[in-house]
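Below is one structure, written out as C-alpha cells, with a few remarks after it.
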Amino acid sequence: MPNKKRIDHVNQKLRGIIQYAYKHSVAVRSKLDSVRLKPKDIQTIKDLEKIPVTKKTELMELQRKNPPFGGFEGVPIHELRWIFISPGPIHEPGEVEYDELGWAQGMYAGGFRPGDIAVNTFSYHMVPFALLMVDNSLHRIGCVSIPTGIGNTEQQVNIIRNLKANAYCGTPSFLLNIAEKAEEMGLDLKRDLSLRVGFVAAEMLPESLRSKLEEKFGMIIRQAYGTADVRCLGYECLEKNGMHVPDDKIVEIVDPETGKQLGPGKMGEIVATTFNKTYPIIRFGTGDLSILTETPCPCGRTSPRLLKILGRVDQATKVRGLFVLPGQVDEVASKHPQIARYQAVLTRKEHKDEMTFRAELKEDVPQPETLKEEIEKSIRDVMKVRGDVEFVAKGTIPEGAKKIEDQRTWE
Ligand SMILES: [Zn+2]
C-alpha cells in the first residue's frame, strides 16, 4: 500500500481495537479511565500519546494482583487454547485461531517459501514462541515444520540431514552450535546439509556471526524482533535494511521519560500496540531502544523500519535532549584503531550539556589535530550529538572505567 493509504488503514484498525479493548479488557479500560479518556478520543496514531505507556514491570505487577493476565486479556479465559509462562513470570494467553501476520511476513520476506521443510529449534515449553507463533507462521506460508525444540545438537544435525530440511528457525547461537557439531561429525555443511534459509530471533545477531553462518552453510539468514507479549515488531527483508514493522502492529519511538513520540531518525524506546483481540495490549513499553525510518526500502515494502536494536532504556543517558549509549561510544572508538582506552565524559557548562570523548592513544600520531577532527566526525555520525575530543596521557583512564561518565550537577 502507498504510505498514506496504509496509515489510514492502520488508524482504522486502531480505532477498532481501542473500542474492543475498552469493552473487553479490564486493564485497558482502567488505563484509559485513569487519564479520563474515552475510546473516541483515540482516532489516530498521534492520539496514542495521550495513553500512558505500560511498562513490563507494571504488567508483571498487575498480573500478580490479578492472575493470570492482569486483566489485559480480551476474551474469557475458558475461550483460550493455552496459557503460556515467560520469565518474570509473565503469562500470555494463546488463542484458538492464530491469525497474526508479523512472523509469517518476516519468514516470507527472508526467503521462506511454500514447501520448505523447516526445523523449529525454538523452545516449545512454557513460552509461546515456538508452538504458537513460529509453528503457525510456518503453516501459514505452507512450510512443513519439524518441531525439534532446543538442544540435542547431534540429533538435530541428523534430522536436518535425513529429512533434507532446507530452512532453520532458531537463535543464531544455536545454529552455530549445529555448525560446529556437524563439522565435528565430519560433515561438509554445504554438501551434506541443505539449509538454504534461516529465520533467527530472540538474540542479538552480530553481522560477523551472520556472515560466518551464511558462508559456512551457503544460506541466507534474516532476523526478526518482537516480544512474547506484543509479538512480532520488525523483520528484515532480503535487502537487510533494518526491520520492517508488520502490518498488524503500531510501533512508536518515544521519549521513555515522557512517552511522547519522537520523529523518524531519533533514538527512543520502542512502544508497541497490537490489534490482537485475545491480548489487546495498547502502548507496551519494550524497554528496547531503536530508531524508526520511513525512507523507502528497495524491496518495495512501504512500511516504516526499525533500524537495529541499539540497547536498553536503562543504559541510556540523555545529552542535550538526545539519548546516548555505551555501545555507541565503543562504536566510535572501533572506527579509529589508534585509540587504546576511551571514555565519554558528560559535564555542564553555562547550563548546557557538554560531552568530551577522552582517548588514550596507542602511540603518538603525526597529526593529532586531523585525528581529532576525524573522531569528532565519527561522534556526530554514530551518536548524533556533538562532542569534543581530548587526548589524554596513558594511564589517565582507569581500566574498566565507565564508557559514559556522567559528572553533571544541576545546582
Ligand atoms: Zn525491505
Side-chain angles (χ1 to χ4, degrees), residues 1-11 13 45 100-114 116 118 133-134 137-138 140-143 166-172 175 195-211 213-215 217-227 230-253 261-268 270-275 286 288-310 381:
M1 277 185 197
N3 200 34
K4 165 89 175 62
K5 200 174 161 196
R6 199 172 37 74
I7 290 170
D8 289 346
H9 172 75
V10 170
N11 282 336
K13 297 209 39 145
I45 299 171
E100 289 224 333
L101 280 174
W103 303 114
Q105 285 188 326
M107 288 172 189
Y108 195 89
F112 281 55
R113 289 296 177 268
D116 284 347
M133 304 187 207
V134 177
S137 300
L138 287 167
R140 184 171 190 138
I141 297 173
C143 302
N166 61 354
Y168 170 87
C169 300
T171 62
L175 185 56
L195 288 179
R196 184 183 60 80
V197 284
F199 170 83
V200 302
E203 262 180 23
M204 286 289 193
L205 174 65
E207 280 308 319
S208 55
L209 178 58
R210 181 193 334 241
S211 47
L213 290 168
E214 285 187 328
E215 174 64 25
F217 285 102
M219 71 192 293
I220 294 168
I221 295 169
R222 292 295 177 268
Q223 65 182 326
Y225 160 79
T227 79
V230 285
R231 308 181 177 178
C232 184
L233 299 179
Y235 59 83
E236 286 179 330
C237 64
L238 292 176
E239 301 290 335
K240 219 162 60 175
N241 194 14
M243 293 185 280
H244 287 278
V245 175
D247 297 325
D248 56 2
K249 294 290 154 54
I250 294 172
V251 168
E252 304 164 75
I253 293 291
Q261 294 168 6
L262 302 170
K266 296 225 172 76
M267 178 164 76
I270 302 170
V271 166
T273 295
T274 144
F275 304 137
T286 62
D288 291 322
L289 293 164
S290 186
I291 295 170
L292 208 59
T293 175
E294 289 175 351
T295 58
C297 182
C299 76
R301 289 175 182 82
T302 57
S303 49
R305 302 189 310 284
L306 288 170
L307 301 182
K308 66 179 176 181
I309 306 305
L310 297 158
D381 290 346

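These numbers were taken from a predicted model, which means no experiment stands behind them. Read the numbers this way: they start at 1 and go in the same order the structure lists the ligands and their atoms.
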R196 and D116: CA distance, side-chain angles, deciding distance, salt bridge (Lys or Arg N to Asp or Glu O under 4.0 Å) verdict: CA-CA 9 Å; R196 184 183 60 80; D116 284 347; 2.8 Å; yes
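- The side chain to side chain donor-acceptor pair (under 3.5 Å) check on K4 picks up D8, with sequence neighbours excluded.
- Atom CG of D247 and atom NE2 of H9 lie 7.0 Å apart (nearest 0.5 Å).
- Closest heavy-atom contact between A118 and C169: CB-SG, 4.5 Å.
- The side-chain heavy atoms of L292 and L306, taken from C-beta on, include a pair separated by under 4.5 Å.
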Steps toward side chain to side chain donor-acceptor pair (under 3.5 Å) verdict (E294, N3): CA-CA 9 Å; E294 289 175 351; N3 200 34; 5.0 Å; no
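- Counting only protein N, O or S atoms, 4 lie closer than 2.8 Å to the Zn ion (ligand 1).
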